[in-house]
Amino acid sequence: MTTAVPAGFVPPPYPYDRLDSLAPIAERHAGGMVDLSIGTPCDPPPPAVIAALAASGSERSYPPSIGSVALREAAQRWMHRRFAVDVPAADIGATVGTKEFVVTLPQWMSLRTPTRDTVLYPAVSYPSYAMGAELARCRAVPVPARPDGQLDLAAISPDDASRALLLWVNSPSNPTGALDDLDAAADWGRAHGVPVFSDECYVEFTWSGRGRTILERGTAGVVAVHSLSKRSNLAGLRVGFYAGDAELVHYLQEVRKHVGMMVPGPAQAAGVAALDDDAHVEVQRERYYSRLVRMADVLATWSDTPVSVPSGAFYLWIPTEDGWAFAEQLAVEGGALVSPGEFYGDDGRPYVRVALVQPDDRIDLVEQRLRAARRTSTASTRGGT
């Protein structure tokens, strides 16, 4: 008699790998494909940061897992300048980028509180929130958004709240660019005894009002997560940090030491230089906002679809009847690769996300192609009437 062996975990296809069928279509254009699918920064980082990376002399020794004192104090200074909040350097920890922090967090939190098994996260969001829960064998429970894009915290059932290890919030949102009510999220978490982790990696690119952090009304029960990938065009260095509730941060610092989560020493030195310089961020803000405004107009004209500039981040989140059909048409006529909204949850299916990360000359190329396609389509229509 053969005993059936339970099937093990089979990783689902990585979302962006599913675009492999569209990439060759976009690549046929003269000048090649313009990749607007993944939010990979393509603009140059500041020269001072590259100099710090090359001259730190820290490559020979193991870097501190929690982050060097210099890096954590630079993060402390940045938060004070940007948000007028004061978080002790001891309550800040370094991350190898922030994606690894997002994906591994449920595992560490379930070890801390084994009586709970649920990760709450925005229903339309970065797919790593849900995948982190799945990899930790936790329940991934999406929280729907209200019409204004903010989390509908009232929709969380009492059972899910009682089982929650943590709640993720993301403001400005990836992919929608919406700004969430971080005060409301913090209040909900404190009222229900649920730690709230706030992904604020796009906070420097807030277009409606000032950038906000969840730490502005205190650190009890909340942790903010930040990255240098977007603000400083340093995605390849993998430098980020988390800050907030002293007990939570210390717990994660200690767990992560055992796992060997370490930002390389030269990358930490570069991170200090980047965090201490705000001027390059203002330049990057102007680049992204200019691209958003220009491409919103181009895509609205080309597709006859309303395209709004978001409240934050550098993505256009465009409503459409069929996200895959829109993406294919854009590959055919504009040579651009974009992401169907289903990558970001079932509620994202009737959308596409366009990441305005390519240099201006590549954005210009897409604009020229789409305007030409629009002219051809108009001429063809006229010729047939």
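Here, residue 1 is the first one in the sequence, and each next residue gets the next number.
- Hydrophobic clustering of Ile, Leu, Val, Met, Phe, Trp and Tyr side chains at less than 4.5 Å, counting indirect connections, unites Tyr344 with Leu337.
- Cluster annotation: Phe205 is not connected to Trp78 through the hydrophobic network of ILVMFWY side chains, with a link wherever side-chain heavy atoms come within less than 4.5 Å.
- In this pair, Trp317 and Tyr351 present their aromatic rings parallel. The plane angle is below 30°, not in the 30 to 60° band.
- Under the 4.5 Å side-chain heavy-atom criterion for grouping Ile, Leu, Val, Met, Phe, Trp and Tyr, Val293 is connected to Leu36 within one hydrophobic cluster.
- At least one donor-acceptor pair closer than 3.5 Å links the side chain of Thr305 to the backbone N or O of Ser303.
- Partner of Phe197 under the ring pair (Phe, Tyr, Trp, His ring centres under 6.0 Å) criterion, chosen from Tyr129, Trp168, Trp108, Tyr121: Trp168.
- With contacts defined as side-chain heavy-atom distances shorter than 4.5 Å, the pair Thr219/Asp91 does not qualify.
- Panel note: side chain Arg72, backbone Gly67; a donor-acceptor pair is recorded below 3.5 Å.
- In this structure the side chain of Val255 never reaches within 4.5 angstrom of the side chain of Leu111, judged on heavy atoms.
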Walk me through it: do Arg291 and Asp360 pass the test salt bridge (charged side-chain N to carboxylate O under 4.0 Å, His left out)? CA-CA 8 Å; Arg291 293 169 189 165; Asp360 288 344; 2.6 Å; yes
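- Although no hydrogens or angles enter the test, the distance criterion places a donor-acceptor pair under 3.5 Å between the side chain of Ser65 and the main chain of Met261.
- Arg374 contributes a side-chain N or O that, together with a main-chain N or O of Thr301, makes up a donor-acceptor pair within less than 3.5 Å.
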